[in-house]
Protein chains: 2
Amino acid sequence: MGHGELKVTADVPGGLSTKHNERSKWAVDPQCPVRDVLDRIGDKWSTLVLGTLASGPHRFSAVQRAIPDISKRMLTQTLRDLERDGLIARTVFPTKPPSVEYRLTPLGETILEPLTVLVQWADRSRAAIKNARQAYDAAS
Amino acid sequence: MGHGELKVTADVPGGLSTKHNERSKWAVDPQCPVRDVLDRIGDKWSTLVLGTLASGPHRFSAVQRAIPDISKRMLTQTLRDLERDGLIARTVFPTKPPSVEYRLTPLGETILEPLTVLVQWADRSRAAIKNARQAYDAAS
DNA sequence: CAGAATCCTATGAGATACTG
DNA sequence: CAGTATCTCATAGGATTCTG
C-alpha cells in the first residue's frame, strides 16, 4: 500500500514506461520513451513554440512576438527541430519580402493534450512547490 | 476548423496556458506554467528519478543501479532539487554505514500521471517521428 | 521578412578522488 | 554507503552582424 493505488502503476508496472521492458530496467534503455520525449520537448523553447502554434498558424515574426525573449537564432533552430520531427510544417510564400508560415501538423497537434496535462499539473502544484522550497531553504 | 476541435483550445483558448492571462500573451510571463514545469522536469535526470521512485522507496545506490549512466554528482543534485521542490522525501537511517531512503511525497505522486501521459504519447509517436526525421534528412 | 554566420559565455554534466 | 570537492569539457543559448 502507499503505492499500490497509483494509477500509473496499474498500466506500467515498472514505473513510467509503458511496455516492452522486463521489470524495472526501463531506465537503462537509452531509447526509453522517457528520455526520448524529454530530448524532444525538454529544451527551453520547444513547448513555448508548440503552445504558440496551438492557436493557429503563425509567421516567423509572429512567433517571436508571442515569445519576446527568444532570440532569432534559437527560434530558427527550434522551428527546424520541430519541423524535422514532423510536429510542425513550414510553408514559404514567395512574396517580396518573403513570408513564412508555421503550423502544427496533425502529429504536432497530438502532443498538445499531454502538454496541457503537464501544464495543468504545474498550475495546480505551484503553490505547494513554492511552500516546499521556502521550507527547505529556511531549514538549510 | 483545423484548430477548433482541439481539446486543448476548449479549456485554454490562449494555447497551453490555463487561465489568468488575457489572450495570447501567456508566453510572455516568465512565471508562466509552461516554463515553470519545464524548468522543473526538463532536465536530463529528474523524470528518470521520479519514474524510478514510482515503484516504491529506493536507497541512493538503488536509484543509481536503476539509472546506470547517472553520475553520483548528478544523482545527488537531482535528488536535492526534487526534495527542495517537495516532490520526494529523504530519510536518513543512522546506521553504520549510513543508509538513506528516498520516496515520493504525496505531491510527487501527483506528477506521475502527467508524466505517464507524456511518455505514452512518446511511445505512440515514436515511429511517426522517426519517419519524419528520415524524410527530412533525405530531402535536405 | 526570415533567416544565416559568427562569436562568445554560462551552465549542464561527466570523471575522478576523497570522507564521515 | 552516501555523499562532497574539484576539474574539465561540451553544448545550449545570447548578442551581433550580414543578406536574398
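Convention: sequence-line order gives letters A, B, ...; per-chain numbering from 1.
For the side-chain contact (heavy atoms from CB on, under 4.5 Å) test, residues two or more places apart in sequence or in another chain that qualify with B:L118 are A:V37, A:I41, A:P114, A:L115, A:L118. Scored by the salt bridge (Lys or Arg N to Asp or Glu O under 4.0 Å) test, B:R133 finds A:D85 as partners (sequence neighbours excluded). Applying the side chain to side chain donor-acceptor pair (under 3.5 Å) rule to A:R73 yields no partners; only residues at least two apart in sequence or on another chain are considered. Applying the side chain to side chain donor-acceptor pair (under 3.5 Å) test to B:S46 and every residue at least two apart in sequence or in another chain returns B:D43. With sequence neighbours excluded, the residues satisfying side-chain contact (heavy atoms from CB on, under 4.5 Å) with B:K72 are B:F60, B:Q64.
Inter-residue side-chain proximity for B:L82 and B:L50 is flagged as met; some heavy-atom pair is nearer than 4.5 Å. Within the 4.5 Å cutoff, no side-chain heavy atoms of A:V100 are placed close to those of A:F93.
The pair B:R35-A:D69 counts as a salt bridge, with a side-chain nitrogen and a carboxylate oxygen less than 4.0 angstrom apart. Ion pairing of B:R84 with A:D137 is present here, as a side-chain N (NZ or NE/NH1/NH2) and a carboxylate O approach within less than 4.0 Å.
A:L53 and B:Y136 are assigned to two separate hydrophobic clusters, defined by single-linkage of ILVMFWY side chains at heavy-atom distances under 4.5 Å. Side-chain heavy atoms closer than 4.5 Å link hydrophobic residues (I, L, V, M, F, W, Y) into clusters, and following such links, possibly through other members, connects B:L104 to B:L107.
Between B:Y102 atom OH and D:dC1 atom C1' there is a gap of 11 Å when expressed in whole angstrom units. Following rounding to the nearest Å, A:Q64 (CD) and D:dG14 (P) show an atom-to-atom distance of 11 Å. As rounded to whole Å, 14 Å separates atom P of D:dA12 from atom CD1 of A:I70. Residue B:K44 contributes atom NZ, which lies 10 Å from atom P of D:dT11 at whole-angstrom precision.
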Distances for protein N/O vs nucleotides 16-20 of chain D N/O pairs under 3.5 angstrom?
none

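A donor-acceptor distance shorter than 3.5 angstrom exists from the side chain of B:T105 to the backbone of B:L87, with no hydrogens or angles considered.
Taken over five-pair windows at either terminus, the axes of the helix from C:dC1-D:dG20 to C:dG20-D:dC1 are inclined to one another by 50° (rounded to 10 degrees).
First and last contacting nucleotides of DNA chain C toward chain B (any atom under 4.0 angstrom from a heavy atom, 5' to 3' order): C:dA13 to C:dG20.
Contacts classified as salt bridge (charged side-chain N to carboxylate O under 4.0 Å, His left out) and involving residues 90-102 of chain B (residues at least two apart or in different chains) are given here: B:E101-B:R103.
Contacts of residues 74-95 of chain B with DNA chain D (heavy atom under 4.0 Å): B:T76, B:R80, B:R90.
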